[in-house]
S.K.: 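This is the structure I have questions about; it appears just below.
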Amino acid sequence: MQELSADTARRIALGAQGFADARPAAPTRRHLLKAVQRTGLLQIDSVSVAVRAHYMPVFSRIGAYDRSLLDAASWRHTAAKPRALVEYWAHEAALIPVEDWPLLRWRMRRFEGGRWAGAQRVLERNPTLGRDVLDVITEVGATSAGEVERHLELEVRERGGPWWGRSDTKVVCEQLFSAGALSVDKRVGFTRHYDLAERVLPPAVVATRVDEADAVRELVRRSARALGVGTETDLRDYYRLSPTQSRPAIADLVDEGALTPVAVRGWDEQAYLSAGARVPRAIRGGALLCPFDPVVFFRPRAERIFDFHYRLEIYTPQHKRVHGYYVFPFLLDGRLVARVDLKADRAADALRVPAAHLEPVHESGPVADALAVALRDMADWLGLADVVVGERGDLAAPLAQCI
């Protein structure tokens, strides 16, 4: 069996994610879509303390692109520039290439009766609401759940919280989206505007049917391509598959030659190398990674590859946080060398860095120099005039001197 060093596996993984590619001087839609083809998906999250999660991985790979390019590729459709990406549940809520939507029909079928128990209870106590929602959207076109609710003249219950107080109409809209009857035509202020799937997606995509085993095999193939090299759990997690799905798919792909079993020194689990994966000589340059970047969103993989223990501390009480509220790992020359808590303070026209921490064995001087450049680039991309470094963390003082 072929054996890879841990360093080689790390370079393969980063190369597969596009970090060995030269950044374009003036990123275009073509560069953006190439980056998404590399990652296979962009996870969506509602946290906006720095920048919405789906925008950041593209910036990390190609630099300062116009975010309206991603908006247009995802939520606008014209004859000249058809929609290239669409929302669905992939690795959590995500943007995926339009042509990959049929590969998740098996998940849509499983969600027909409710994606979670609360949704199922709503469907049971409102047996006609789904049909009513579809009738409204069929008549009025792309619209938000709130607008559907007003159209149906339903009384909005007093909100009991950010999740459990959602109206039944909102729950049913999300359920119909999960079941594939609705898709997201556009977002306005991050609010989904739903439309019938057949009006959002090309007819050929809607008409495509793929057997579940074949679809899962293709998803694992995409996982492998995006990861370069990974364990069964890595390949499974990328599209949130089950072991009963991923293991037969991996076996088939090994037989086909699309995956090669390899041993990676220091890894406890069997690894698989994607056919055609590049082995870059080196990974150069720096990049800030958001918490939902594919390089780090599966925390066990980040720890295995980078020796980087990473947890999101948003829901941790402030006095118990170790690194900060919304922490970005910093990738430099193929290693995760630091982590910074970031906040876009629009009122102050500044990118704030409340905390900056250096990873063990790395020198603060070179890391602070490179991180200062990366933060300035991010601030410019976000249209913020200043970078303001706080006092928390062992890297804060050296970083502040470089800003």
S.K.: Would you say Arg281 has more than 12 foreign heavy atoms packed within less than 6.0 Å of its CZ?
M.R.: no

S.K.: For the aromatic rings, using the six-membered ring if either is Trp, is the centroid distance between Tyr65 and Tyr55 under 6.0 Å?
M.R.: no

S.K.: Check whether any side-chain heavy atom of Leu32 sits under 4.5 Å from a side-chain heavy atom of Asp66, and report yes or no.
M.R.: no

S.K.: When you look at Glu212 and Gln245, which way does the side chain to side chain donor-acceptor pair (under 3.5 Å) test go after all the steps?
M.R.: CA-CA 9 Å; Glu212 180 175 339; Gln245 291 175 309; 3.1 Å; yes

S.K.: Does Arg76 use its side chain to pair, donor to acceptor, with the backbone of Ala73 at less than 3.5 Å?
M.R.: no

S.K.: With a 3.5 Å cut-off and no angle check, do the side chains of Gln175 and Arg115 form a donor-acceptor pair?
M.R.: no

S.K.: Measure across Leu342 and Ala50 and return the closest heavy-atom pair with its distance rounded to 0.1 Å.
M.R.: O-CB, 4.2 Å

S.K.: Answer yes or no on whether Arg67 is positioned over the face of Trp381, meaning its NZ or CZ is under 6.0 Å from the six-membered ring centre and within 45° of the axis.
M.R.: yes

S.K.: Any chance CZ of Arg209 has more than 12 other-residue heavy atoms, nucleotides or ligands included, within less than 6.0 Å?
M.R.: yes

S.K.: Taking all atoms of both residues into account, what is the closest heavy-atom pair of Met1 and Pro261, and its distance?
M.R.: CG-O, 3.5 Å

S.K.: Please name the pair of heavy atoms, one in Leu227 and one in Ala16, separated by the smallest distance, quoted to 0.1 Å.
M.R.: C-CB, 3.8 Å

S.K.: Has Asp255 got more than 12 heavy atoms of other residues, nucleotides or ligands less than 6.0 Å from its CG?
M.R.: yes

S.K.: Distance check, rounded to the nearest 0.5 Å: Leu241 atom CG versus Arg236 atom CZ?
M.R.: 9.0 Å

S.K.: Of all the heavy-atom pairs spanning Ala20 and Gly15, show the shortest one and how long it is.
M.R.: CB-CA, 4.1 Å

S.K.: Can you tell me how far CD1 of Ile305 sits from CZ of Phe298, rounded to the nearest 0.5 angstrom?
M.R.: 10.5 Å

S.K.: Specify the closest pair of heavy atoms between Gly324 and Arg392, including all atoms of both residues, with the distance to one decimal.
M.R.: CA-NH1, 4.2 Å

S.K.: For residues Leu182 and Leu134, determine if any side-chain heavy atom of one lies less than 4.5 Å from a side-chain heavy atom of the other.
M.R.: yes

S.K.: Return yes if some donor-acceptor pair links the side-chain N/O of Ser167 with the main-chain N/O of Lys170 below 3.5 Å, else return no.
M.R.: yes

S.K.: Has Asp185 got a side-chain atom pairing as donor or acceptor with Tyr194's backbone, closer than 3.5 angstrom?
M.R.: no

S.K.: Heavy-atom distance under 4.5 Å between the side chains of Ser183 and Asp195, does that happen here?
M.R.: no

S.K.: Using modelled atom types and a 3.5 Å cut-off, is there a donor and acceptor pairing between side-chain atoms of Glu174 and backbone atoms of Val171?
M.R.: no

S.K.: Surrounding CD of Glu391 (heavy atoms of other residues, nucleotides or ligands, distance under 6.0 Å), is the total greater than 12?
M.R.: no

S.K.: Ignoring hydrogens and geometry beyond distance, is a side-chain donor-acceptor pair present between Ser74 and Glu87 at under 3.5 Å?
M.R.: no

S.K.: How about Glu92 and Phe297: do any of their side-chain heavy atoms sit closer than 4.5 Å?
M.R.: no

S.K.: Short question: side chain of Asp349, backbone of Ala385 - any donor-acceptor pair under 3.5 Å?
M.R.: yes

S.K.: Is the shortest heavy-atom distance from the side chain of Arg125 to the side chain of Asp168 under 4.5 Å?
M.R.: yes

S.K.: Measuring only between side-chain heavy atoms, which start at C-beta, is Leu41 closer than 4.5 Å to Tyr238?
M.R.: yes

S.K.: Pro329 and Tyr310: which non-hydrogen atoms are nearest, and at how many Å?
M.R.: CD-OH, 3.5 Å

S.K.: Indicate whether any N or O donor in one side chain lies under 3.5 Å from an N or O acceptor in the other, for Asp234 and Thr231.
M.R.: yes

S.K.: For residues Ser178 and Trp89, is any side-chain donor paired with an opposing acceptor at under 3.5 Å?
M.R.: yes

S.K.: Under 6.0 Å from the six-membered ring centre of Phe190 and within 45° of its axis: does the NZ or CZ of Arg52 meet both?
M.R.: yes

S.K.: Within 45 degrees of the axis of the six-membered ring of Trp75 and under 6.0 Å from its centre: does Arg83 put its NZ or CZ there?
M.R.: no

S.K.: Are any of the side-chain heavy atoms of Val262 and Tyr272 separated by less than 4.5 Å?
M.R.: no

S.K.: Contact between Cys290 and Pro57 at the side-chain level, heavy atoms closer than 4.5 Å - yes or no?
M.R.: yes

S.K.: Enter the distance from Leu312:CG to Arg299:CZ here, rounded to the nearest 0.5 Å.
M.R.: 6.0 Å

S.K.: Quick check for you: to the nearest 0.5 Å, what is the distance between Gln43 atom CD and His91 atom NE2?
M.R.: 4.5 Å

S.K.: Would Ser5 and Asp7 count as a side chain to side chain donor-acceptor pair (under 3.5 Å) here? Give the steps.
M.R.: CA-CA 5 Å; Ser5 69; Asp7 181 67; 5.1 Å; no

S.K.: Return the orientation label for the Phe328 and Tyr326 ring planes: parallel under 30°, perpendicular over 60°, tilted otherwise.
M.R.: perpendicular

S.K.: So which of Ile96, Leu95, Leu42 actually passes side-chain contact (heavy atoms from CB on, under 4.5 Å) with Val36?
M.R.: Leu42

S.K.: Has Asp307 got more than 12 heavy atoms of other residues, nucleotides or ligands less than 6.0 Å from its CG?
M.R.: no

S.K.: Decide whether His357 and Arg339 meet the rule of one side-chain donor and one side-chain acceptor closer than 3.5 Å.
M.R.: no

